[in-house]
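The sequence lines fix the lettering, A, B, ..., with proteins before strands; numbering per chain opens at 1.
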Protein chains: 2
Amino acid sequence: MKFDEIDIKLLGLLQNDSKRTTKEYALQLNLSVTAVYERIKRLEKLGVITNYVALVDKKKVNKAFTVLCHVKLVQHIKEYVLQFEREILKLNEVAECYHTSGDYDYILKIYVADMEEYREFMITKLTAINHIGSTQSSFVINEVKSTTEVFV
Amino acid sequence: MKFDEIDIKLLGLLQNDSKRTTKEYALQLNLSVTAVYERIKRLEKLGVITNYVALVDKKKVNKAFTVLCHVKLVQHIKEYVLQFEREILKLNEVAECYHTSGDYDYILKIYVADMEEYREFMITKLTAINHIGSTQSSFVINEVKSTTEVFV
DNA sequence: CGTGAAAACACTAATGC
DNA sequence: GCATTAGTGTTTTCACG
């Protein structure tokens, strides 16, 4: 897939604010409205842009307590892996879950209200999943950087 | 701040797809177009919805190699912390950076094309920052779950 | 890629429930 | 706080040059 300078700039703009008008993007890119419109449609059709979403302030909805939790399974049997992953998908508190190399098997990003809610989550939901060997929770002290933008 | 059931449903809808028409949301919520419109405006004004963005498929833009990098500083002096954080903000490859409790000081999410680009990033950009004690890279084998939604 | 025109939608406002 | 209606102005969308 080939992207020129304009595509890359446009992706940058759309990844930071998708609610502006095509006219505004056109002005910034020194193009006509249709040209921009067609580029956007092309990026959508190609699947480069997967969707458009609203971003929510965690503090305003009382989910400002972020935890990065490292999980190790007791064994790496396919059955255990699949079951763990299936269960994780059901947990709304888990925003992200990555199967990783290194000391732990999985790294999860979890949004809850506070420590109490996290405790509750750990006891009743996370460790309720079978085959978990150990967990190590890293509490987020400060969000230095947090962007959804993939820099092309 | 108070949110009723409808607000919560609406936030869920908008966090998953913000490009639908007010009419469509109205239908799903069994409300009129104006009612939904006013709720959205209220959520925006209150700062609950911070902005709207396009999400990009990392694979399609050749940034599918995700690394979670754990960073430890040599010392936790304010000056070192601030300098590190200031430098991190400049690195486009770093999508997220959290100051955390636990064994490491920071956990970073990094998007690059492949291992080679990661190596280059480590050498020329990350470890070029002063006061870094040690790093530990966890490579993402599989993205089990990845959502921008904050579950209210 | 640009122009121009029609269709769809966002937005505002007023009335009444 | 919501439904309905009506009206205006933008924006999206698309045929065509």
Acceptor/donor pairs from residues 129-137 of chain B side chains to any protein atom, 3.5 angstrom cut, sequence neighbours excluded:
residue: His131(B); atom: NE2; partner: Gln83(B); partner atom: OE1; Å: 3.1
residue: Gln136(B); atom: NE2; partner: Ser138(B); partner atom: OG; Å: 3.4
residue: Ser137(B); atom: OG; partner: Tyr118(B); partner atom: OH; Å: 2.6

Euclidean distance, atom NZ of residue Lys19(B) to atom P of dA10(C) [Å, nearest integer]: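 One finds 11 Å between P of dA10(C) and NZ of Lys19(B), rounded.
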
dG1(D) P sits how many Å from Leu29(B) CG, rounded? 16 Å

Would you call Arg119(B)-Glu116(B) a salt bridge at under 4.0 Å N-O? no

Backbone N/O of Asp57(B) and side chain of Thr50(A): donor-acceptor pair under 3.5 Å: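 The answer is no, because no donor-acceptor pair under 3.5 Å joins these two groups.
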
Do any N or O atoms from the side chain of Gln75(B) and from the backbone of Tyr80(B) form a donor-acceptor pair under 3.5 angstrom? no

Heavy atoms, side chains only, cut-off 4.5 Å: are Arg39(A) and Leu31(A) in contact? yes

Once base and sugar-phosphate atoms are separated, protein heavy atoms under 4.0 Å mark nucleotides 2-17 of chain D, 5' to 3', with B, S and - as SSB------SSSB---

